[in-house]
Every structure is written in structure tokens, then in C-alpha cells.
Amino acid sequence: MSASITVLCYKYKTLSNGKHPLMLRIHKDGKRKLVSLNISVFASDWNFDKNQPKRNCPHRDAILRLITEKTKEYQDQLIELKIENKEFTAKSLVEKITRPTKRKTVGELFQKRIQELKKANRLGYAESHDYVYKSLLKFNGHLDIYFSEINMEWLQRYETWLREQGNSDNTIGIKFRTLRAIFNVAIKENIVKQEYYPFKKYQVSKLHQETAKRALTKANVMAILNYSSRTKDYYTQLAVDLFAFSYFMGGINFADMAYLTMKNVTDNRLIYTRRKTKQLINLPMQSKAMELINKYKSDSESYIFPILSTFHQTEQQQKFRRRKVMKKVNKRLKLIGKELNLPIDLTTYVARHSFATVLKRSGVNTSIICEAMGHSSEKVTQIYLDSFENEQVDAAMSNLL
């Protein structure tokens with residue numbers, strides 16, 4: 001059923017001055033919605049047969065002009081919805097007019113979001129958003145487009161283009177998840193209507209590719225821990241020590257190791273808050289791990305491991321320094337892995353996976369410590385760890401050697 005738009009003098013409501021409000025009536029599918037024109041007239045000045053002001057009505061020309069403009073606004077929106085073949089009700093049509101979206105392009109929102117993330121010191125997220133922004137810019141030529149233009153067809157073309165550029169499913173998935181996050185921000189900030197959301201039909205989840213497990217057997221891990229460099233290279237030994245510390249201490253990742261101080265060592269336990277998930281971690285200090293802490297701790301530096309120093313004050317400086325050291329460490333680990341004929345490329349992150357799988361293969365209950373690659377996220381594994389008493393975790397971790 002087509003919609004109709006008419007103007008009327010709403011004589012069922014009388015204002016304090018004796019006038020009646022002029023309204024637009026939108027009628028569709030047996031339902032109607034009234035919208036005030038914010039103007040009123042006396043009943044004696046209105047022609048109810050023709051639904052227009054009488055010739056002698058004060059300000060007749062201005063009232064007619066207002067009626068024409070408002071009616072046209074709704075008629076134009078009706079035509080647009082019909083062209084796009086979109087379903088609507090009388091109520092949703094009114095909302096489109098009375099609650100207009102903010103005119104902001106995809107490029108403008110991306111830049112705004114990147115700056116917000118930088119101000120919040122979420123530099124990693126800011127960088128990932130900038131990475132996707134540049135990818136979209138290269139694909140489309142410009143981002144001076146509105147979010148309503150990003151539909152199913154547009155997303156499919158972007159996916160095809162990414163594949164032609166040699167991107168894997170996982171890489172494409174990361175880019176699409178960032179784009180989806182930006183689209184959700186646009187909806188939240190009333191930049192685009194919910195009905196234009198294209199990710200209900202376009203499933204980002206299909207772009208997940210199962211990656212190879214990055215865990216080692218206990219024998220492989222022991223070979224790494226006992227590795228001795230012939231060259232006595234400083235970063236080679238640091239690489240082995242950081243790998244060992246991560247393995248012994250719950251698979252702690254590189255970034256969290258970088259920020260450890262002696263304040264995190266309390267009552268022979270390692271207690272710290274994960275930078276990524278903001279969860280509190282409380283684990284028994286393994287003797288081998290304590291030996292590494294005693295080896296590296298310094299009275300002149302607040303951090304335990306020689307990754308960061310007091311020189312690195314800003315978040316940006318710390319980020320660059322972490323990346324620089326991690327690159328050197330992972331380069332040495334990769335060489336060690338090849339020398340030991342390990343089945344996978346060795347990185348600091350392998351220690352986290354190995355921590356989980358060694359416990360699993362030692363018969364530890366999966367509800368205490370789960371094989372990291374068997375969960376949808378690290379957060380799930382950590383939630384399980386947090387739900388048990390220290391004694392249970394302590395007993396489980398005794399299987400690491």
C-alpha cells in the first residue's frame with residue numbers, strides 16, 4: 001500500500017489562544033502519524049474542504065510556502081525509499097525527517113576515530129585503524145563517501161580487490177572487522193541509519209582461517225631453555241631468557257614482561273595486570289623464573305628486564321622501543337629454532353602456547369588451564385584460570401619441569 005501525505009488543521013486540539021495546530025498526516029498500511037508544522041490558525045481561517053488557509057487568512061502566503069516545503073521534504077524521502085526498495089512505516093518515515101543523520105564521510109570518521117585513539121594512548125588500535133584507512137583509500141581512490149554507500153556489493157568488491165593484492169583470509173578478516181567497528185561507531189553517533197548496516201548479510205566470520213598451532217612439546221621447550229649460543233650474542237641470550245620466563249610464568253606476553261618491576265613480585269608470586277585485557281594475573285613464582293629476575297634486575301632501572309628504561313617516557317617511545325627489542329629477540333629465536341630443527345618458527349609468543357599445551361598434555365584438567373589455540377580468545381583461558389584457588393593453579397604449574 002502506497003503512503004499518503006496530507007495537511008490538516010487539527011481541530012481536535014485547541015491551544016490556549018483558541019487556535020488549532022496545523023499538522024502533516026502520514027498514512028501507510030492502515031496506520032497514521034501526525035507531525036506538527038509548529039504553526040496554528042483559527043478554525044475560521046481554514047478551509048476544511050480544501051485543507052488550506054482561506055484567502056483572508058493572516059500570513060496565508062507564508063503558511064502555504066511552509067506547507068509546500070514540508071510536504072515536498074516528505075515526498076522526496078518517499079521517492080528515495082521507493083527507489084532503494086526499502087520497507088518503511090509511517091513512524092520510520094517521520095523519524096528519517098525529524099532525526100536526520102549527521103553528514104560525515106567515511107574518511108572523516110576514520111580520521112576522527114584515529115585521533116581519539118591516539119589521545120587515549122591506544123596507539124596499537126590507532127595504527128590498525130590507520131592501516132585499514134590507507135587500504136580503503138587505495139581501493140576506492142578516495143573516502144569522500146557516506147556510510148550508506150557501503151553495501152553488500154561494495155564489500156564484495158573490496159574483498160575481491162584484497163585477494164588480488166595477495167591478502168590471506170585472516171588479513172582480510174582483520175581489515176573487515178576494523179571497518180565493521182567503524183560502521184558501528186557511525187551508527188552510534190547517528191552518522192548513518194541502522195538499516196544501512198551491511199554486515200548482517202556480509203558475514204565477516206567467514207574470513208577466519210584456522211592457523212597452525214604454535215605450541216612445542218616439553219622436549220622442544222627444554223632444548224630451547226638449555227640452548228647455549230656459540231657467539232655469546234647478548235640478544236640471543238636475552239631471547240632465550242625471555243622465552244623461558246614467559247613459559248614458566250603463565251605464558252606472559254612480551255609487552256607485559258616489558259613493564260614488570262619488582263613491585264609485581266609479592267610473597268613469592270607474580271602479580272600484574274594484563275595490558276591487553278586489563279585482567280589481574282596472580283601466579284606462583286617458579287624458581288627458574290626467579291633466577292631470571294635476579295639475573296636482570298638493576299638498582300638503576302625500575303623495570304626488571306632490559307626492554308624499557310627510564311628514558312622511554314611517552315607511550316610512543318615505549319611502543320617503538322618494545323617493537324625494536326621484540327624484533328631483535330624474535331630474529332634470534334627464529335635462528336635458534338632452525339638450529340634446533342624445531343617444527344615451527346620460534347617467537348616469544350610460542351612460549352605462551354607451549355605453556356598451555358604442556359600442562360594439557362601433562363594431564364592437567366582443561367578447566368584449570370586450556371590449550372590456548374583451542375579457545376576463541378586468550379580472555380576465555382584467563383577467565384578459567386582466575387576461577388580457581390591459588391593452590392590448584394600452583395599444583396598445575398608444577399608440571400612445567
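On a predicted model such as this, the values are computed, not experimentally measured, just so you know. Starting from 1, each residue takes its place in the sequence as its number.
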Report task. Please confirm whether the backbone N or O of Thr310 pairs with a side-chain atom of Glu301, one donor and one acceptor, at under 3.5 Å? Result ->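 Yes; judged by distance alone, with no hydrogens or angles, the pair exists.
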
Query raised in the report: Would you find a donor on one side and an acceptor on the other, under 3.5 Å apart, between the side chain of Asn51 and the backbone of Asn47?
Result: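 Checking the backbone N and O of Asn47 against the side chain of Asn51, no donor-acceptor pair under 3.5 Å is found.
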
Query raised in the report: With a cut-off of 6.0 Å (strictly less than), are more than 12 heavy atoms of other residues, nucleotides or ligands near CG of Asp267?
Result: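 No.
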
Report task. Flag yes if more than 12 heavy atoms outside Lys331 fall under 6.0 Å of its NZ atom; otherwise flag no. Result ->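 Open: at most 12 neighbouring heavy atoms sit under 6.0 Å from NZ of Lys331.
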
Query raised in the report: Between Tyr196 and Tyr146, does the ring centroid distance fall short of 6.0 Å?
Result: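 Ring centres of Tyr146 and Tyr196 not closer than 6.0 Å.
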
Query raised in the report: Would the Tyr197 and Phe183 ring centres measure less than 6.0 Å apart?
Result: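 Between Phe183 and Tyr197, which both carry aromatic rings, the centre distance is below 6.0 Å.
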
**Report entry** Candidates Gln156, Arg157, Arg163 - the one meeting side chain to side chain donor-acceptor pair (under 3.5 Å) with Glu159
**Finding:**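 Exactly one option meets the side chain to side chain donor-acceptor pair (under 3.5 Å) with Glu159, and it is Arg163.
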
Requested in this report: Determine whether the side chains of Asp233 and Gln237 contain a donor N or O and an acceptor N or O closer than 3.5 Å.
Outcome: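 No, no side-chain donor-acceptor contact under 3.5 Å.
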
Query raised in the report: Judged by modelled atom types alone, do Lys175 and Asn167 share a side-chain donor-acceptor pair under 3.5 Å?
Result: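 Looking only at side-chain atoms, Asn167 and Lys175 do form a donor-acceptor pair, the distance falling under 3.5 Å.
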
Requested in this report: Using the six-membered ring of Phe320, assess whether NZ or CZ of Arg323 lies under 6.0 Å from its centre and within 45 degrees of the ring axis.
Outcome: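 Arg323 over Phe320 ring: no.
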
Query - Cation-pi, Tyr259 ring and Arg275 (6.0 angstrom, 45 degrees) - result: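 Yes, Arg275 lies over the aromatic ring of Tyr259.
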
Query raised in the report: salt bridge (Lys or Arg N to Asp or Glu O under 4.0 Å): which pairs involve residues 7-18, sequence neighbours left out?
Result: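 Not a single pair qualifies under salt bridge (Lys or Arg N to Asp or Glu O under 4.0 Å).
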
Could I get the full list of side chain to side chain contact (heavy atoms under 4.5 Å, CB included) partners for [X], not counting sequence neighbours?
| X | result |
| --- | --- |
| Ala223 | Leu340 |
| Ile271 | Thr266, Arg269, Leu280, Asn282 |
| Lys288 | Phe248, Glu291, Leu401 |

So, do [X] and [Y] sit near enough that their side-chain heavy atoms are less than 4.5 Å apart?
| X | Y | value |
| --- | --- | --- |
| Ile150 | Tyr158 | no |
| Gln286 | Pro284 | yes |
| Lys134 | Lys138 | no |
| Leu155 | Leu179 | yes |

Identify each donor-acceptor pair in which a side-chain atom of residues 60-69 lies under 3.5 Å from a protein atom, sequence neighbours left out, and give them as a table.
residue: Arg60; atom: NE; partner: Pro53; partner atom: O; Å: 3.1
residue: Arg60; atom: NE; partner: Lys54; partner atom: O; Å: 3.1
residue: Thr68; atom: OG1; partner: Leu64; partner atom: O; Å: 2.9

So, taking the atom named [atom1] in [X] and the one named [atom2] in [Y], what distance separates them when rounded to the nearest 0.5 Å?
| X | Y | atom1 | atom2 | value |
| --- | --- | --- | --- | --- |
| Leu270 | Ile293 | CG | CD1 | 6.5 Å |
| Asn330 | Thr347 | CG | OG1 | 5.0 Å |
| Ser246 | Met257 | OG | CE | 5.0 Å |

Query raised in the report: Who passes salt bridge (charged side-chain N to carboxylate O under 4.0 Å, His left out) against Arg113, sequence neighbours left out?
Result: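 Partners of Arg113 by the salt bridge (charged side-chain N to carboxylate O under 4.0 Å, His left out) criterion, ordered by chain and then number, come out as Glu116.
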
Query raised in the report: Is Lys200 paired with Glu195 through a side-chain N to carboxylate O contact shorter than 4.0 Å?
Result: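 No, Glu195 and Lys200 are not salt-bridged.
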
Query raised in the report: Salt bridge check: are Lys319 and Glu127 linked by an N-O gap of less than 4.0 Å?
Result: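 Yes, this pair counts.
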
Requested in this report: Dump the intermediate steps for ring-ring contact (aromatic ring centres under 6.0 Å, His included) on Phe147 and Trp154, then the final yes or no.
Outcome: CA-CA 11 Å; Phe147 281 89; Trp154 196 96; 9.8 Å; no

**Report entry** side-chain hydrogen bond (donor to acceptor under 3.5 Å, both in side chains) assessment of Tyr296 paired with Asp241
**Finding:** CA-CA 10 Å; Tyr296 284 100; Asp241 290 342; 2.6 Å; yes

